[in-house]
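Okay, so here's the structure we're looking at.
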Amino acid sequence: MSTPPPARAPLKPLDEMLVELMAFAEPLGRIETVSTFEADGRVLAQDAVSALTVPPRDNSAMDGYAVRCADLAAAAANGSAGLPVSQRIPAGSSGTPLAGGTVARIFTGAPVPEGADAIVMQEDVEAFEQNGQPYARIKAQPQPGQWIRRAGEDVTSGAVVLPRGSRLTPAELGMAATIGLAQLQVAQRPRVALFSTGDELVMPGDVPPEAMRPGAIYNSNRFFLRALLQRAGCKVTDLGIVPDKREATIAALRDASAGHDLILTSGGVSVGEEDHIKPSVQALGHLTLWQVSMKPGKPFAYGRVGQSHFIGLPGNPVSSFVTFMLLVKPFLLKLMGASGRHAQPVLLPARFNWPRPDKRREFLRARRTADGGLELFPNQSSGVLTSAVWGDGLIDNPGSQAIASGDLVKFYSFAEMMG
Ligand code: AMP
Ligand code: MG
């Protein structure tokens, strides 16, 4: 059991905090089988290996005619008007070998008959009949291989099509179906207990705006944290609001620790007299990580209560929102056994000036401009949730670095961070 450093110790840089936090995120290892239909957003727990080749056979990429290029060249040299159409191959059927000196009518997705070496699209063919026999006059000499989709060009039999640890998105679901998988083994959803602390908090719907007592505010964090957890693939137990009292905080943490993989709280994680999270976690378990050097977001705590991980997020809504995406989201993905990249930044030019940066690494709420740059929300206060609604992502600005218009800055989109 490690003792947390004193509150005055230098704040831990975000990168260090993330590395240390991730070291505690042992994959949970619980697996379940779900229908491929229901697997969007889940993490694959087993390699998906293809038992077949896709496409299974060479097939036509066009509605048109399957031909032998050499026959066409010979027919053209003889001044022939056309070649007989010897068979018709719609998608879903399989033809017979192509007789010499003939062509086959063929449709997109239908297997290319043996002996044919190119497809001519129907727009380049004049079809006519002679004595009741269909003929085709090919207007342009095809290249061998033209408009043929090759067997195995998508998937070869035995290939790992989706590795274990893949986060399933609609494209992955389609790919699983392509290789015939109706069900998938995925990581079970992490069970997360969520509560907000703060005597000032009121639930929307409990008190109408005009009747709010002085000092009261609506609980916004509960709504976005719950939605962020659900989007990340968690099963949320929403424990509501816990008052700023030591006994109540301890009782809530103790209850939450049973049957949950993570307890996530917001607020009360500073060192004020009304902040009971830290001593309460220490009373029941231990607190290992404490405070991170970033703005917004300095208050942040990681520890354990019983069998459960504990993460305390700041109360200020923007701080809570940003620390979730940068620290909690990767932690949850690792619990689910996800491999691969988390959100990746892009470099975009600033269309604003930021002359007085903070000493801490900043995550500024910004949005893309039509000309491919970034503009900044004017009020960067950690209490102003409008910045997160107006913005479509965060600029990652190193501590003490001023930004001048035209500078390239690192930008993380909310869509990618939340996805
Ligand atoms: P705390 O971290 O508890 O000191 O709270 C910091 C600030 O965030 C205070 O202004 C709180 O009123 C506000 N705050 C805390 N929790 C919430 C919440 N769930 N929803 C909205 N604001 C909150
Ligand atoms: Mg508070």
Side-chain angles (χ1 to χ4, degrees), residues 4 7-8 11-12 17 192-209 211-231 234 236-253 256 262-283 287 289-303 310-328 358 360 363 365 377 379-391:
R8 293 261 187 74
L11 298 178
K12 200 181 280 298
M17 178 62 95
V192 182
L194 174 66
F195 64 81
S196 328
T197 72
D199 287 343
E200 71 280 30
L201 301 178
V202 171
M203 279 304 287
D206 284 358
V207 179
M212 290 282 275
R213 63 176 196 280
I217 59 167
Y218 288 120
N219 183 352
S220 56
N221 299 5
R222 182 175 180 180
F223 287 81
F224 66 71
L225 288 175
R226 177 173 157 141
L228 285 167
L229 285 167
Q230 283 169 342
R231 280 195 181 204
C234 299
V236 181
T237 310
D238 188 338
L239 298 173
I241 299 167
V242 172
D244 288 323
K245 302 260 175 334
R246 184 71 48 94
E247 314 74 61
T249 309
I250 290 179
L253 286 169
L262 169 67
I263 305 168
L264 186 69
T265 66
S266 84
V269 74
S270 301
V271 282
E273 284 166 33
E274 297 289 345
D275 294 320
H276 298 287
I277 287 289
K278 185 180 184 183
S280 301
V281 171
Q282 286 170 322
L287 201 85
L289 301 172
W290 174 248
Q291 293 196 328
V292 57
S293 178
M294 60 184 277
K295 191 183 180 192
K298 175 172 126 187
F300 180 87
Y302 170 81
F310 165 82
I311 293 179
L313 298 181
N316 276 307
V318 184
S319 309
S320 223
F321 189 70
V322 170
T323 48
F324 182 97
M325 288 189 290
L326 293 173
L327 290 162
V328 183
D358 197 83
R360 285 178 269 158
F363 288 91
R365 276 75 67 213
F377 189 70
N379 187 339
Q380 292 285 328
S381 158
S382 62
V384 173
L385 201 50
T386 306
S387 67
V389 174
W390 180 96

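Numbering of ligands and ligand atoms starts at 1, following listing order. For the numbers below, each heavy atom of this structure counts, side chains included, while hydrogens, waters and symmetry mates do not. Quick note: residue numbers are just sequence positions, from 1.
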- Task: Give the minimum heavy-atom separation between S196 and N219, together with the two atoms involved.
- Result: OG-ND2, 3.0 Å

Using a 3.5 Å distance criterion without hydrogens, assess whether the side chain of [X] forms a donor-acceptor pair with backbone atoms of [Y].
| X | Y | result |
| --- | --- | --- |
| T197 | S266 | yes |
| S270 | G272 | no |
| R365 | Q380 | yes |

- Say whether S220 and ligand 1 are in contact under the criterion: heavy-atom distance to a ligand atom below 4.0 Å. yes

- Task: Determine whether any heavy atom of G268 lies closer than 4.0 Å to an atom of ligand 1.
- Result: yes

- Query: Would you say F321 and N221 make side-chain contact, with heavy atoms under 4.5 Å?
  - Reply: no

- Task: Using the test salt bridge (charged side-chain N to carboxylate O under 4.0 Å, His left out), find all partners of K12 that sit at least two apart in sequence or belong to another chain.
- Result: E20

- Item | All salt bridge (charged side-chain N to carboxylate O under 4.0 Å, His left out) counterparts of R226, not counting sequence neighbours | D238

[X] N/O to ligand 1 N/O under 3.5 Å:
| X | answer |
| --- | --- |
| S196 | no |
| N219 | yes |
| V269 | no |

Which protein heavy atom lies closest to [atom], and at what distance to 0.1 Å?
| atom | answer |
| --- | --- |
| atom 7 (C) of ligand 1 | N316 OD1, 3.3 Å |
| atom 9 (C) of ligand 1 | E200 OE2, 4.1 Å |
| atom 4 (O) of ligand 1 | D275 OD1, 4.0 Å |

- Check the surroundings of atom CZ in R231: do more than 12 heavy atoms from other residues, nucleotides or ligands lie under 6.0 Å from it? no

- Query: Relative to atom 2 (O) of ligand 1, which among S266, G198, G315 owns the nearest non-hydrogen atom?
  - Reply: G315

- Message: Out of V202, I217, N221, who is nearest to atom 17 (C) of ligand 1 when you count heavy atoms only?
- Response: N221

- Note on the structure: ligand 1 atoms nearer than 4.0 angstrom to some heavy atom of Y218 are 20 (N), 21 (C)

